[in-house]
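One-based numbering, in listed order, for ligands and for the atoms of each.
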Amino acid sequence: MVSSSLPESGLPVSRVPDSRDAPALRWGIMGPGWIAERFTESVQAYSTQVIAAVGSRSLERSKTFADAFGLPAAYGSYEELATAPDIDIVYVCTPHNFHHAAAVLAIDAGKHVLIEKPIGLNAAQARDIAARARAAGVFAAEAMWSFFLPKFDVIRQVLDGGMLGTVTTVLAEYGEHFERSHRIFDPALAGGPLLDLGTYPLALITEVLGAPEQLSAFGQPHEAGVNAQLSAILRFPGGSQAVINTHLHNFTPTMATIVGSEATLTIDGPFNMPGGFEVRFPDGTRLRYNEAAGGHLEGLHYEAAAVARAIAAGDTETRQRPLASSIRTMDVADEIRRQTGIEFPGEGNAPA
Ligand SMILES: NC(=O)c1ccc[n+]([C@@H]2O[C@H](COP(=O)([O-])OP(=O)(O)OC[C@H]3O[C@@H](n4cnc5c(N)ncnc54)[C@H](OP(=O)(O)O)[C@@H]3O)[C@@H](O)[C@H]2O)c1
């Protein structure tokens, strides 16, 4: 179990309940790739959520996944999974450029949806998903799993309680090494670091500071035909600023720092995963939140449990990652792309 901070640490205590206490939903996996495996492992190990079916473009791949995780049903198309009668919610985990179409399939079939990050290729797709879910009366959320971790509940309380004072600056970066066979190098799959990695620092920055009023971005192309690296400086109403860098060149500390007039909060890297953080005051006082460092196995079940609780309560969104926040992040990503000339194939003006 991940431990929350002790009251004597001087920090708030995480209010995230044990994932096993959430009511169970019947989940259908749409796109049995890398993250689908991590999600299923985590949910099966740490929650009572039921992974009830999987859908793949290939019945063989679907059956292989179902066998590996002991799932009762395997479908050879996304349409069959979407219309399966005994599924409550579809977890969309295809490559980015199919999130919108896959989510629409599920929503049109009356299913709730949890959609891997980024929620769509752009803000237009994000808005369309939100509008369709609202019209259908189903639940929808982006699987921005970091915001469902116990540490983020503590960070939210630190921010809301004013411990940092006025936030002046957010610094966040995310670089990682990938084998050349990875889809991040594939222009046809909306490759490049922005949607895979950059959505984490962008989500954090916009969560803390809101929508920027101005930004300047620089891009560096990769020989594979995707963006290799980008950096951006953002300015927010009131004068606060943020700096983001993301790239596919190699691993970085994946640190994030939130600077305020009273104290500085530094999240251990990788900041998007289970782990600790520290609040440091000018007089030398340091408050440490100790959450065991972990990866997807230890972390993904929190979002599944939170979604199950929200749906049981009759909510159509989560408070940890409302659709308006996902749209706001995509608005910023769109502007970065506009300035750096990053284009994705098959992306029209309307939702692709
Ligand atoms: N939350 C996280 O920490 C995290 C981590 C990694 C990735 N992600 C997100 O999850 C999504 C999937 O990433 P992944 O790394 O799991 O990708 P992946 O391993 O490549 O798997 C994606 C799956 O999508 C399906 N798919 C549908 N159309 C496809 C196409 N044209 N080409 C390739 N695959 C296609 C494939 O399943 P079938 O062909 O069998 O249907 C494939 O197994 C991405 O949007 C990514 O941003 C999130």
Side-chain angles (χ1 to χ4, degrees), residues 28-43 53-68 71 74-82 90-103 105-106 113-122 125-126 129 141-149 152 174 176 178-179 181-203 226 246 248 254 270-275 294-304 307 320-321 326 329-330 333 344-346 352:
I29 304 280
M30 193 176 272
W34 188 88
I35 193 64
E37 291 178 2
R38 306 289 85 69
F39 180 84
T40 304
E41 283 166 359
S42 178
V43 160
V54 55
S56 162
R57 295 175 301 167
S58 134
L59 184 57
E60 193 187 338
R61 282 199 296 277
S62 198
K63 282 181 171 166
T64 302
F65 188 95
D67 287 348
L71 312 187
Y75 298 104
S77 74
Y78 295 162
E79 289 78 6
E80 285 173 276
L81 177 75
V90 169
Y91 172 49
V92 172
C93 39
T94 61
H96 326 303
N97 44 335
F98 306 109
H99 286 182
H100 177 265
L105 261 185
V113 281
L114 176 66
I115 305 158
E116 256 312 332
K117 35 70 43 183
I119 189 166
L121 276 187
N122 50 41
Q125 289 191 350
I129 288 169
E142 179 187 33
M144 182 51 71
W145 65 298
S146 318
F147 290 170
F148 296 85
L149 299 173
F152 264 92
Y174 203 145
E176 198 173 317
F178 295 89
E179 297 302 322
S181 56
H182 193 274
R183 60 176 169 70
I184 202 164
F185 293 103
D186 189 346
L189 296 180
L194 177 62
L195 299 186
D196 251 290
L197 310 179
T199 41
Y200 288 113
L202 278 186
V226 297
T246 185
L248 46 64
T254 318
F271 73 85
N272 62 320
M273 300 199 184
H296 294 85
L297 174 65
E298 295 80 15
L300 287 172
H301 60 93
Y302 289 110
E303 63 182 2
V307 166
Q320 295 89 340
R321 187 62 171 165
S326 302
T329 300
M330 295 315 296
F344 298 133

Heavy-atom closest pair, residues Leu121 and Ala190: CD2-CB, 3.6 Å
Which heavy atom in Asn272 sits nearest to a heavy atom in Leu149, and how many Å separate them? O-CD1, 3.7 Å
Looking at ligand 1, is there an atom of it that comes within less than 4.0 Å of some heavy atom belonging to [X]?
X: Tyr200; value: yes
X: Cys93; value: yes
X: Tyr78; value: yes
X: Met144; value: no

Any idea which atoms of ligand 1 are less than 4.0 Å away from a heavy-atom of Leu189? 31 (N), 32 (N)
For Asp196, take its heavy atoms, then give the atoms of ligand 1 lying under 4.0 Å from any of them. 46 (C), 47 (O)
Any idea which protein heavy atom is nearest [atom], and the distance to it?
atom: atom 47 (O) of ligand 1; value: Lys117 O, 2.7 Å
atom: atom 3 (O) of ligand 1; value: His296 NE2, 2.8 Å
atom: atom 15 (O) of ligand 1; value: Arg183 NH2, 2.8 Å
atom: atom 24 (O) of ligand 1; value: Pro95 CD, 3.0 Å
atom: atom 21 (O) of ligand 1; value: Gly33 CA, 3.2 Å
atom: atom 11 (C) of ligand 1; value: Thr94 O, 3.2 Å
atom: atom 37 (O) of ligand 1; value: Pro32 CD, 3.5 Å
atom: atom 38 (P) of ligand 1; value: Ser56 OG, 3.4 Å

Between Trp145 and His296, what is the ring plane arrangement, given parallel below 30°, perpendicular above 60°, and tilted in between? parallel
Where does the angle between the aromatic ring planes of His96 and His99 fall among parallel (under 30°), tilted (30 to 60°) and perpendicular (over 60°)? perpendicular
What do you reckon, does Ile35 have a nitrogen or oxygen under 3.5 Å from a nitrogen or oxygen of ligand 1? yes
Mind checking whether Ser58 has an N or O less than 3.5 Å away from an N or O of ligand 1? no
Non-hydrogen side-chain atoms of Lys117 and Asp196 separated by less than 4.5 Å: yes
Does a donor on one side chain and an acceptor on the other come within less than 3.5 Å for [X] and [Y]?
X: Tyr302; Y: Gln320; result: no
X: Ser77; Y: Glu80; result: yes
X: Thr329; Y: Arg321; result: yes

To the nearest 0.5 Å, what is the distance between CZ on Phe65 and OG on Ser56? 10.0 Å
Kindly compute the distance separating CD1 (Ile119) from CD1 (Ile129), expressed to the nearest 0.5 Å. 5.0 Å
Run the side chain to side chain contact (heavy atoms under 4.5 Å, CB included) test on Tyr78 and Thr94 for me, step by step, so that the C-alpha distance in whole Å, both residues' side-chain angles and the decisive distance to 0.1 Å come before the verdict. CA-CA 10 Å; Tyr78 295 162; Thr94 61; 3.7 Å; yes
Heavy-atom nearest option to atom 34 (N) of ligand 1, drawn from Arg38, Arg57, Glu37, Met30: Arg57
Out of Glu142, Glu116, His96, His99, indicate the one that has the non-hydrogen atom closest to atom 8 (N) of ligand 1. Glu116
Using a strict threshold of under 4.0 Å (side-chain N to carboxylate O), is an ion pair present between Glu41 and Arg38? yes
With heavy atoms under 4.0 Å as the rule, classify the contact between Trp34 and ligand 1 as side chain, backbone, both or neither. both
